[in-house]
*Asks:* 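Below is the structure I would like to discuss, written out as structure tokens.
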Amino acid sequence: MSVWFVTGASRGLGLEITKAALAAGHSVVATARDPQSIEKALPDFADNLLALPLDVTVPGDAEKAVQSAVARFGTIDVLVNNAGRGLVGAIEETSDAEARSVFDINVFGLLTVLRAATPVLRAARSGRILNISSTGGMVAWAGWGVYSATKFALEGITEALRLELAPLGIQVTSVQPGPLRTDFLASSSLGHVSRVIDDYATTGGASRDWAASSHGQQEGDPVKAAHAILTIASAAEMPARLPLGTSTLGDIRTKLATVGADLETWQDLTRSTDV
Ligand code: NDP
């Protein structure tokens, strides 16, 4: 049995991963801004569950949580960087502060947790890291540009980290869910830009409208997503990426085909710049 360390475990996908890992017999360090929410949700797992405070944007929280995790369970085998939130609005509508606040959680928060936890995995010369990305880490849509930028950044971090940690016995993967029926689109989670520009009504504005009408209607089941994450975490060789959901499969295939077609169409011009 393994020791899991999960960020953003108060609700949504993080809570479902915590439940699935506990049900499978693993020990879980479930972290959240309010860890009481985890204890309330999972009262029957006292022996295998350690709920700890961890706001990924607060300096020192991650180090303290990692120290407590090792003190209680001896190590960390599986790190799940799940904490994150969305932001909807056209690029020009998004203020500097709004963009930075979502980068602080989804990118710099993830880096903070990685710096705190990776030494434990490196010392053991084993372990798994699963970074929760998004279809938006592969494909950007109007109205989701800054959110996608955070997940594109996560993809770059994950791809490099996978190469850096493979020689040290640690596997890294990016999990790319499509729309999951969690609180992601709820007002308690999703950020909305405060400036609205009429010219973007049919692009960024349409995404705002979609977000408002789609909460609770998403195609993806977070319980099934959590089980898929447990499955991949126990695979002998984790893939670089695990897309989740039928629409994600189609969206990524379309993206790859578009990239491939552009490469072929413009290859002569592409080659023309060599010295
Ligand atoms: P939820 O809004 O239901 O859950 C988000 C979780 O992230 C909550 O536990 C929240 O904690 C936590 N969180 C937010 N900010 C911080 C912070 N500063 N420090 C620590 N924890 C924080 O959404 P999901 O469960 O769906 O989202 C989980 C992950 O999945 C995210 O990374 C998201 O980007 C990704 N994702 C989600 C998709 C979806 O459609 N649902 C699609 C693709 C990717 P709190 O309760 O304290 O707010």
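Note that these values count all heavy atoms, side chains included, but never hydrogens, waters or copies made by symmetry. Just so it is clear, the structure is predicted and the values come from calculations on it, not from any experiment. Both ligands and their constituent atoms are indexed starting at 1 by order of listing.
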*Asks:* Give the intermediate values and the outcome of salt bridge (charged side-chain N to carboxylate O under 4.0 Å, His left out) for residues Arg241 and Glu159.
*Replies:* CA-CA 9 Å; Arg241 298 165 198 87; Glu159 211 170 293; 2.9 Å; yes
*Asks:* Under 4.0 Å between a side-chain nitrogen and a carboxylate oxygen: does that hold for Asp96 and Arg100?
*Replies:*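 A salt bridge is present here (some side-chain N lies under 4.0 Å from a carboxylate O).
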*Asks:* Return the closest protein heavy atom for atom 18 (N) of ligand 1 as residue, atom name and distance.
*Replies:* Asp55 OD1, 2.9 Å
*Asks:* For atom 22 (C) of ligand 1, what is the nearest protein heavy atom, given as residue, atom name and distance?
*Replies:* Ala83 CB, 3.7 Å
*Asks:* Main chain of Tyr147, side chain of Thr150: is a donor-acceptor contact present, judged purely on distance under 3.5 Å?
*Replies:*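 Pair found, side chain donor or acceptor close to backbone of Tyr147.
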*Asks:* Nearest to atom 38 (C) of ligand 1, what protein heavy atom do you find, and at what distance?
*Replies:*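 Scanning the protein heavy atoms, the shortest distance from atom 38 (C) of ligand 1 goes to Gly178 O, 4.0 Å.
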*Asks:* Just by modelled atom types, is the Arg122 backbone N or O under 3.5 Å from a matching donor or acceptor in the Arg125 side chain?
*Replies:* yes
*Asks:* Can you confirm whether the side chains of Ser189 and Arg11 place a donor and an acceptor under 3.5 Å from each other?
*Replies:*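 Yes.
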*Asks:* Based purely on interatomic distance, does Ser189 place a nitrogen or oxygen under 3.5 Å from a nitrogen or oxygen of ligand 1?
*Replies:* yes
*Asks:* How close does the nearest protein non-hydrogen atom get to atom 8 (C) of ligand 1, and which residue and atom is it?
*Replies:* Ser10 OG, 3.6 Å
*Asks:* Any nitrogen or oxygen of Gly8, main chain or side chain, under 3.5 Å from a nitrogen or oxygen of ligand 1?
*Replies:* yes
*Asks:* Hey, looking at atom 20 (C) of ligand 1, which of Leu15, Thr7, Leu54 has the closest heavy atom?
*Replies:* Leu54
*Asks:* Using a 4.0 Å heavy-atom cut-off, which part of Ser133 comes near ligand 1: side chain, backbone, both, or neither?
*Replies:*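 Only the backbone of Ser133 comes within reach of ligand 1.
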*Asks:* Is the shortest N/O to N/O distance between Leu13 and ligand 1 below 3.5 Å?
*Replies:*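 N/O-N/O distance below 3.5 Å exists for this pair.
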*Asks:* Among protein heavy atoms, which lies nearest atom 30 (O) of ligand 1, and at what distance?
*Replies:* Ile132 CG2, 3.5 Å
*Asks:* Does ligand 1 have any atom sitting under 4.0 Å from a heavy atom of Gly220?
*Replies:* no
*Asks:* Tell me whether Arg11 reaches ligand 1 (any heavy atom closer than 4.0 angstrom to a ligand atom).
*Replies:*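 Arg11: in contact with ligand 1 (<4.0 Å).
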*Asks:* Quick check: does Asn82 get an N/O under 3.5 Å from an N/O on ligand 1?
*Replies:* yes
*Asks:* I want to check something: taking the side chain as every heavy atom from C-beta on, are Val56 and Arg33 in contact at a cut-off of under 4.5 Å?
*Replies:* no
*Asks:* Count the heavy atoms belonging to other residues, nucleotides or ligands that lie under 6.0 Å from CZ of Arg72, then report whether that count exceeds 12.
*Replies:* yes
*Asks:* Taking Gln176 for its side chain and Thr248 for its backbone only, find out whether a donor-acceptor pair lies under 3.5 Å.
*Replies:*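 Answer holds: no.
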*Asks:* Does an N or O anywhere in Ile105 fall below 3.5 Å from an N or O of ligand 1?
*Replies:* no
*Asks:* Show me which atoms of ligand 1 lie under 4.0 Å from any heavy atom of Ser134.
*Replies:*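 So the atoms of ligand 1 that pass are 43 (C), 44 (C).
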*Asks:* Go through the steps to decide whether Gln36 and Glu39 satisfy the test side-chain hydrogen bond (donor to acceptor under 3.5 Å, both in side chains), and finish with yes or no.
*Replies:* CA-CA 5 Å; Gln36 284 182 349; Glu39 284 160 356; 5.6 Å; no
*Asks:* Report yes if some N/O of Lys151 lies less than 3.5 Å from some N/O of ligand 1; otherwise report no.
*Replies:*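 The answer is yes, given that Lys151 and ligand 1 share an N or O pair closer than 3.5 Å.
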*Asks:* How far is atom 36 (N) of ligand 1 from the closest protein heavy atom, and which atom is that?
*Replies:* Tyr147 OH, 3.8 Å
*Asks:* Does atom CD of Glu219 have more than 12 heavy-atom neighbours, drawn from other residues, nucleotides or ligands, at distances under 6.0 Å?
*Replies:* yes
*Asks:* Should Asp34 be counted as touching ligand 1, given the test is an N or O pair under 3.5 Å?
*Replies:* no
*Asks:* So for Pro179, does at least one of its heavy atoms come nearer than 4.0 angstrom to any atom of ligand 1?
*Replies:*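 Within the 4.0 Å threshold, so yes.
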*Asks:* Got a donor-acceptor contact below 3.5 angstrom from the Asn82 side chain to the Thr7 backbone?
*Replies:* yes
*Asks:* Just say parallel, tilted or perpendicular for the rings of Trp144 and Phe184, cut-offs at 30° and 60°.
*Replies:* parallel
*Asks:* Report the nearest protein non-hydrogen atom to atom 14 (C) of ligand 1: residue, atom name, distance rounded to 0.1 Å.
*Replies:*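 Minimum-distance protein heavy atom for atom 14 (C) of ligand 1 reads Arg33 NH2, 3.8 Å.
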*Asks:* For Met138, is there any backbone N or O sitting under 3.5 Å from a side-chain donor or acceptor partner on Lys255?
*Replies:* yes
*Asks:* Looking at ligand 1, does any of its N/O atoms fall within less than 3.5 Å of an N/O of Pro177?
*Replies:*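 No, no N or O pair falls under 3.5 Å.
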*Asks:* To check your reading of the model: name the closest protein heavy atom to atom 26 (O) of ligand 1, its residue, and the distance in Å.
*Replies:* Thr182 OG1, 2.6 Å
